[in-house]
Every structure is written in C-alpha cells, then in structure tokens.
Amino acid sequence: MAADLDLGAAFIPALHKPSALLPIAKHRETLLYMIETYPVTVVVGQTGSGKSTQIPQYLEQAGWCADGGVIGITQPRRVAATTVAIRVAEEVGCEIGKEVGYSIRFEDATSATTRIKFLTDGLLIREALVDPLLSRYSVIMVDEAHERSISSDILLGLLKKIRKKRPELRIIISSATLQAEDFANFFSESTDEATGEGRQEKRAAAIVSLEGRTYPIDTLYLEAPAEDYLEKAISTVFDIHTHESKGDILVFLTGREEIDQAVQAVSERSAQLPQGSESILPLPLYAGLSTEQQMYVFEEAPANFRKVIFSTNISEASVTIDGIVYVVDCGFVKLRAYNPQTGIETLTATPVSKASAAQRAGRAGRTKPGKCFRLYTEEACQGLSEANVPEIQRSNLAPFVLQLKALGIDNVLRFDFLTPPPAELMMRAIELLYSLGALDDYAKLTKPLGLRMAELAVEPMMAKTLLSAPSFGCLSEILTIAAMTSLGGGIWIQHDGGKKEAESAKRKFAVEEGDHLALLNVYQTFITKGRKEARFCHDNLINFKTMTRAVSIRGQLKRYLERFGVAVDESLATPSASGASKAEQIRRCLTTGYFAHAARMQPDGTFRNVSGTTVLHAHPSSIMFNRKADWVIFHEVMETGDKTFIRDITKIEKSWLLEYAPEFYKTSS
DNA sequence: GAGCACTGC
C-alpha cells in the first residue's frame, strides 16, 4: 500500500476542479436538449459532479434568462445557498449580488440584475405567498431533492401545480440515484382534480445521469454482529491506525454522549501506542459544539498525527471534511419522529437506510480511493430500508398545513404530495390549527388571524401568542420571547467541565415565573449591556452570535407585525421594574397560544399532561427542573431514551386554560 | 438530579 502515500497531494479536490474538467462538462449538450424538450428534468449525480454550479451557467448561456427570467436554484441549507452562489459568481466573474446572487433568511444578496439566484427551499415557498406562480423564474432547480426535506417535498408539489398554468416553466430536480424514477414518475402522472384519480400523461420528465464518483471505495462488513458498536468503533479505529496506510478517519456515531465517550477512550488508549509510532488525534463533531470547536476538524493534523473524527450525521450531508480516507459506520442514526396520538416528538436511534449508508461510505472517496468499515454484517445491510422515511411522514405538520392554506390550497388532504403523509398527521395538524383559531369550522383559513399566523416565521402556537399580545399590552416582551425560543438553544456557552459555572451563570437570570421570563431577562440585559461591553457575554457565558441572531429574528417578526398594522411599543422595561402585573400579562398571553401544552406538577416533582396519561419531566435546563409549581405551559416536549422532557416552562393558573381555550378544555376539565 | 441528530422561514 506504499503507493498510496502522498497520493492525495497529486489530486485536486473535486470541488475546486476547473469547470472544464468536471464530469458534467461532456453532458452539457444533452442537458440543454433535455431541458429544452421536457418540462421536467431529473439530474442524477454525486456530490462534486458540478451540477449545482454548472447547470445554472449553462442555462444562462443558452438564453434562459433572455426575457428577464431568473434561474432559481434551491438548497436545503443556508450555507449551501451562499457558498455555491459565491463560487458561481467567481466563475462567471461577477460581484456577488449582481448577475449571480443568493437569498436566505436575513440575507438578501440579489438585485434587479440578478439572473442566477440561489435560495433556500423554505424561502422559495414563502415567495409563492406573494407570487403564487413564481412568475419571475424561467427555470427552477430543486437541488438535493433526494434528502426529502419537508420544504423540498412541498415545493415539488407546488411546482407540479404551477406547471399546469405555466407550461413554459422548466423544472430541474437534482437527486442521488436511488430515487430518480420516483421524481420522474411523480411529474409524469397527473391527478384528476375532480375525481382524485391518477392518470398517465405523455411522459413529462426525463432523467439524465451524470458520471459517478472519481475514486473507488472498498466496503467491508463484520462477519458477526457487534455486541457494542461503540467499543467496536474504537477498536476498528486502532486497527485502521496500525494496519492501514496514511489517511484520516471519519467515524459515524449517533449522538453527543457517545462521541464524547469515544474521544476520551481513544485519547486514553492512544497513550499505549508504541513509542515513536504515529499518534492519533481524536476530535468530536456535532451540532451542539460552538463554531470554534467545530473548526478543529478542518485543520490539518500536526505531523505524526492521524486525525480521527467522531461525528454525528452532521458529516453525512451538511459538512464536508477533506482528506478522509477511512469511514467507520456504526449503522445507526438518531431520527426525529412525531406521534400524532400524543403530539409528542421522539428522538431515537434507528438503523440507517441503504441510501444513508451509501452516502456515509462516499465520504471516504473524495480525494483518493478509500475504505468504509461497516460495523454490521452484509446480511444486515441487505435488510436495511432503501431510504429514510421522508420527513413529511414523521413530523408535526401544523406549520406546513398553515402555509398550504395560505397558498390557497384549501383541500390539503388532496394536495399532490410526492409521498402523502399519514392522514392522522394531517388531522392532528388541522385540529391544532382549528383550536388556535387559524381555521374555521369549514377548515378554511381565518382572516386576518390565520393568514397572519401563516405569514409569521414562527410555529403556529407562538404565532398565535404574538397576535394575542397587543390585547395583553405585552407585545414588545412577547416579540423577545418568540425570538429567544425559536433559537432552539445555543444561548449558553458550554466549556468542557465548566458545568457548575454554566449553571450559576444561568441562575443569575432566573425568574420565579419560569423560563420564558428568564429568556426575556437575558435578552433585555444583552440589549442594554451585552452589545456595548465586550466582556458581558464572556463573563456571563452567553453566546454572542446566538444572541445576535435573536436580535435579527425579533426585528423580522416586528416588521411583520408592523406590516399588519400593529404598533409595537418599545419601552425598555425589565420584568422586575414593571411590576408583577406585566409578568402576569405575559403568562396569560402565553397561555392563549400554548394551552394545548399544559401540565400539572405532581407531588413527586414530575408533571402530568392534562388528561393525566403521560408523565413529563422538566428538562434539566429548565428553571422548573428543581422548583415547585402547580400548573404550567411549556414550549416543547420531546421523548428521548425512556423519558419525556418538557422545555421552556412557565407557571400559569388553571383557570386561564378555561378562560382562553374553553372549547379545547370543555370536556377534559 | 441530568441532557437535542439535522435543517429552515
């Protein structure tokens, strides 16, 4: 294997290949012909084939922007939208935001001259609220459609509908191999609006396959199932280290706990490696790490060190690390699912799909031939499902039902989904929206409440809370709380081993009434002190970047409300200074949106939901974790392992539930 | 007394 040594240096990583060398270049004419001829083209190609960067340029050169039309390319992630746009702007030789631009939430780098526009799929759906036929686009390319995010699934359904009214629109779907046929079939069969029956029209979609990857990957399996995949992963790392040639290792595990454990075990055991031999540098990678901590994995390992990265699924598609030659795949992934009966989300480790396993293996062969070690048998691999259950079939659909209604799609049950979600999920979403007053007795969107809720970029319960706030005189405060809760954590900086300090930092902002008021407290202190004093965030272990995002979100929500004609009074009163009544108004207001998330504390300190059927635990990050309370509402509920946790909890009065949601509680009280 | 894979408006 000595021939492998330093081979990597002789190759240029795929992403930086001159465009003429990309495998896609020789397909240029075929692609343009297909797009000209067929309304829908499914392009199959691996990461690095250049489809996201080259196809838009081919189209522009072929005259698809001639009449002022824009080529839109959607991406599932913000970083992808910006980085791909910047690269294309470089290749075209223009300033970003001129002919080539991007648009993501809070960042619009486009202008009147923009002809090639990259944007997130969620944002394009939002554009459809204003321009239902997406008439400014001559071509729309949905990139990474195989990931099957809810937004891209819904976008495909919308595009299919738009296509009927805009036959000149060209649709391109980029996908990994396995699902190309599904996309093509979806666009080729039409559903009769009146009867709901499917019928086949003249094939509307063509499939173009771009050449596959450049480097081969050897896949190895276990002969017998591993009893403990974590232990097996660690020993496999040492086997690779001692028996295989140079190259970094990427190990896929399921979560933070496992990863921290593995990193520690490897660094302890690597001390026993023979003197003078190459050493191992184990590194963790998961979303919960700060950006600085994540950056280590991109740095080259010091001389005489082999880099071993223990990562969650973040490395499967979102993050690409160069120089990986070996992949170790534990065969599991933590997946979110939503139970429509209980309304509780679960987060559980499940076996990966074949598509996932292939994607993971592919991470090994980016710069030279690689190897993938699967910690399961070949037989087990054959038993894996082809692809993950699409997100749309395992999520709380309330936000998306609301969006579809706002797009004028009244009969959401008949919406042409790529794969329809279970009816129960749809019903649960409709019930929730009805109870919030967003839908009327005929399941029609109410105006203005429902329509406004759809336009606000927060989940329905918080949207309702925001729209009730003016009548409680606490809009400024609720705006802040909405922004802070929608951050989804990341407010506090966690140092390794600094748990105690983090706890006491948090306690400084704690408020008797609960987490929502504490979040308000943190934000208001940040605004008055944190933005001016450089030390404030550092001293209080507050993440400056996250707080800056909260400021942006709050600003955006405020602009929405002002557009609705709601005045926002911005007197900067802290909850303590403004007296108890303000805090009570806030708690009452939260109840108008979160009545369905109510629980009561039991003598043992756990909570029960209203019907008494589910035991809920205050999440350790909550103020209510070790405090007494009676009735509370909470922002989020999630089942992990064998416990169900509630987060962002605030004390309320039981009578408020009946006052603000009489219909919802008339039978269960 | 103990913890959230990931993405997005």
Side-chain angles (χ1 to χ4, degrees), chain A residues 74-81 103-108 119-130 144 147-155 252-260 285-289 311-319 330 332-337 345-350 352 356 388 391-392 394-395 399-400 402-403 406 453-460 462-463 482-483 486-490 492 494 499-500 502-503 549 552-553 556-557 559-560 604-606 617-622 624-627 636-648:
Chain A
T74 72
Q75 295 289 336
R77 283 168 289 276
R78 293 161 52 98
V79 267
S103 190
I104 57 177
R105 188 182 188 183
F106 306 128
E107 259 183 87
D108 183 17
L119 70 174
T120 49
D121 36 31
L123 198 57
L124 188 59
I125 295 177
R126 294 231 150 225
E127 284 190 8
L129 283 175
V130 190
E144 317 284 357
E147 288 187 20
R148 303 294 308 271
S149 72
I150 298 188
S151 298
S152 86
D153 266 23
I154 286 181
L155 194 55
F252 283 99
L253 296 174
T254 68
R256 174 184 172 163
E257 200 180 336
E258 276 174 16
I259 289 168
D260 289 343
L285 180 62
Y286 45 82
L289 292 172
S311 169
T312 62
N313 230 24
I314 192 170
S315 310
E316 194 179 299
S318 313
V319 170
C330 79
F332 287 88
V333 62
K334 273 190 188 169
L335 276 185
R336 212 155 41 178
E345 277 190 324
T346 55
L347 190 68
T348 36
T350 37
V352 292
S356 248
N388 285 343
E391 219 183 351
I392 203 163
R394 52 183 168 88
S395 306
F400 299 94
L402 194 58
Q403 278 201 333
M453 282 172 64
E455 287 179 24
L456 285 167
V458 286
E459 53 192 54
M462 189 52 89
S486 72
L487 291 171
W492 306 97
Q494 40 191 0
K499 269 184 187 169
K500 272 189 183 161
E503 283 303 312
R549 241 184 83 222
S552 305
I553 296 174
Q556 191 190 36
L557 295 174
R559 284 192 298 278
Y560 276 120
D604 66 357
T606 64
H617 299 263
H619 191 274
S621 66
S622 170
M624 292 305 160
F625 181 66
N626 48 17
R627 276 188 209 211
E636 200 179 34
V637 52
M638 182 171 269
E639 185 187 326
T640 55
D642 50 0
K643 274 188 178 169
T644 305
F645 291 99
I646 53 177
R647 301 166 69 94
D648 294 332

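Naming: A, B, ... by sequence-line order, numbering from 1 per chain.
For Ile392(A) and dT7(B), the CD1 to C1' distance is 15 Å, given to the nearest whole Å. dC4(B) atom C1' lies 15 Å from atom CG of Leu487(A), rounded to whole Å.
The side chain of His617(A) places no N or O atom within less than 4.0 Å of a non-bridging phosphate oxygen (OP1 or OP2) of dA2(B). At the phosphate of dT7(B), neither OP1 nor OP2 sits under 4.0 Å from any side-chain N or O atom of Arg336(A). OP1 or OP2 of dC6(B) has not a single side-chain nitrogen or oxygen of Lys334(A) nearer than 4.0 Å. At dC9(B), one or more side-chain N or O atoms of Thr120(A) fall inside 4.0 Å of OP1 or OP2 (strictly under the cut-off). Residue Ser151(A) places none of its side-chain N or O atoms closer than 4.0 Å to OP1 or OP2 of dG8(B). Close to dC6(B), at under 4.0 Å from its OP1 or OP2, lies a side-chain N or O of Thr312(A).
Of the candidates dC4(B), dG8(B), dT7(B), the closest approach to any side-chain atom of Arg78(A) belongs to dG8(B). Each of dC4(B), dC9(B), dG1(B) was ranked by its minimum atom distance to the side chain of Phe625(A); first place goes to dG1(B). Distances were taken from every side-chain heavy atom of Tyr286(A) (C-beta onward) to each of dT7(B), dG3(B), dC6(B); the shortest belongs to dC6(B). The side chain of Pro620(A) lies closest to dG3(B), out of dC4(B), dG3(B), dT7(B).
Electrostatic pairing of Arg77(A) and Glu147(A) counts as a salt bridge here, judged by a charged N lying under 4.0 Å from a carboxylate O.
Using a 4.0 Å heavy-atom criterion, one finds that Leu456(A) contacts no nucleic acid atom at all. Among the heavy atoms of the strands lying under 4.0 Å from Ile314(A) are primed sugar atoms or P, OP1, OP2 only; no base atom is included. Arg256(A) comes within 4.0 angstrom of the backbone, heavy atoms only, and of no base. Across all strands shown, Glu636(A) has heavy atoms under 4.0 Å from base atoms, whether or not it also approaches the sugar-phosphate. Ser486(A) comes within 4.0 angstrom of no nucleic acid atom, judged by non-hydrogen atoms across all strands.
The base of dC6(B) does not come close enough to the side chain of Arg77(A) for any donor and acceptor atom to sit less than 3.5 Å apart.
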